[in-house]
Amino acid sequence: MRNPYQRKAAAKTQITNFNPQAAYKQFLEALVAQGGLTALYQDGWALCATPTGQKAFAVWKNRSLAKLLIKDNWENYQPEEISLKDFIEKVIPFLREQHTALSLDLTPEGQNILVAPEKLLLDLKKYLYQVYAQKPEIFQNRDIPQPRSIRIN
């Protein structure tokens with residue numbers, strides 16, 4: 001007979017309910033709310049690879065998540081802030097030109113959201129229109145570009 005008071009052993013693998021769509025939406029919201037994002041830099045930006053071998057530019061919504069990846073190959077890298085304006089006007093066009101994907105919120109376990117720069121720019125523009133319709137005052141006192149000034153092509 002089994003002891004009913006005996007505690008069950010913990011599972012060896014941790015099961016998480018990772019919802020990529022919700023995480024992507026949270027990333028966009030944080031990007032706009034904070035007015036920027038974080039990437040790792042040391043004589044160049046930290047790049048990772050997709051499962052298919054394509055280059056990806058790793059970015060995080062906050063500095064503490066980026067710090068978790070400062071080890072091994074990225075041991076000497078430092079977290080650097082990129083403003084939303086610079087990200088839209090400089091980084092995304094460069095990534096499009098170089099055919100480099102974006103890796104959003106890469107974790108030490110390798111979990112992330114991969115997105116094409118074109119898709120991120122389009123979704124960011126849509127989200128900025130929603131914010132502009134609800135709170136246009138946000139765009140007056142901060143360095144957030146107005147949605148109509150963002151060029152997709």
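Along the sequence shown, residues carry numbers from 1.
In this structure, Phe94 places its CZ atom where only 12 or fewer heavy-atom neighbours from other residues, nucleotides or ligands lie under 6.0 Å away. For Lys85, the NZ atom counts as loosely surrounded, since its 6.0 Å shell holds 12 or fewer non-hydrogen atoms of other residues, nucleotides or ligands.
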- Task: Verify side chain to side chain contact (heavy atoms under 4.5 Å, CB included) between Lys61 and Asp105, making sure each step is shown before the conclusion.
- Result: CA-CA 7 Å; Lys61 62 183 161 207; Asp105 287 342; 3.3 Å; yes
- Check the pair Asn112 / Leu104 against side chain to side chain contact (heavy atoms under 4.5 Å, CB included), numbers first and verdict last. CA-CA 6 Å; Asn112 64 351; Leu104 310 179; over 6 Å; no
- Message: Show, in sequence, the C-alpha distance, side-chain angles and deciding distance for Tyr127 and Lys25, and conclude whether the side chain to side chain contact (heavy atoms under 4.5 Å, CB included) test is met.
- Response: CA-CA 9 Å; Tyr127 180 69; Lys25 185 179 179 206; 5.8 Å; no
- Could you walk me through whether Leu121 and Arg96 pass the side chain to side chain contact (heavy atoms under 4.5 Å, CB included) check? CA-CA 10 Å; Leu121 186 62; Arg96 289 174 74 179; 4.0 Å; yes
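Legend: residues meeting side chain to side chain donor-acceptor pair (under 3.5 Å) with Lys119, ordered by chain and number and at least two apart, are Asp123. Taking the side chain to side chain donor-acceptor pair (under 3.5 Å) definition, one finds that Glu109 meets it with Thr107, sequence neighbours left out.
The hydrophobic cluster containing Tyr77 does not contain Ile82, counting ILVMFWY residues as joined when their side-chain heavy atoms lie under 4.5 angstrom apart, directly or transitively. Side-chain heavy atoms closer than 4.5 Å link hydrophobic residues (I, L, V, M, F, W, Y) into clusters, and following such links, even through other members, never connects Leu40 to Leu47. Both Leu122 and Tyr24 belong to a single network of hydrophobic side chains, linked directly or stepwise wherever heavy atoms of I, L, V, M, F, W or Y lie under 4.5 Å apart.
If you take CG on Asn76 and CG on Asp43, they are separated by 9.5 Å, rounding to the nearest 0.5 Å. Separation of atoms CZ (Phe87) and CZ (Phe57) is listed at 7.0 Å; rounding is to 0.5 Å. Here Leu124 contributes atom CG and Lys126 contributes atom NZ; the two are 11.5 Å apart, rounded to the nearest 0.5 Å. Between atom OG of residue Ser103 and atom CG of residue Leu114 there is a gap of 5.5 Å, rounded to the nearest 0.5 Å. In this structure, the separation between CG on Leu102 and CD on Glu118 is 9.5 Å, given to the nearest 0.5 Å. If you take CG on Leu95 and NZ on Lys55, they are separated by 9.5 Å, rounding to the nearest 0.5 Å.
Pairing each heavy atom of Ala39 with each of Ala58, the nearest pair is CB-O, 3.7 Å. Across all their heavy atoms, Glu80 and Tyr41 have their closest contact at CG-CB, 3.5 Å.
A salt bridge links Glu81 with Arg63: the closest approach of a Lys/Arg side-chain nitrogen to an acidic carboxylate oxygen falls below 4.0 angstrom.
Using a distance-only test at 3.5 Å, with no hydrogens or angles considered, a donor-acceptor pair links the side chain of Trp60 to the main chain of Leu106.
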Would you list the atom pairs, donor with acceptor, under 3.5 Å between side chains in residues 64-74 and any protein atom, with sequence neighbours excluded?
residue: Ser64; atom: OG; partner: Asn62; partner atom: OD1; Å: 3.0

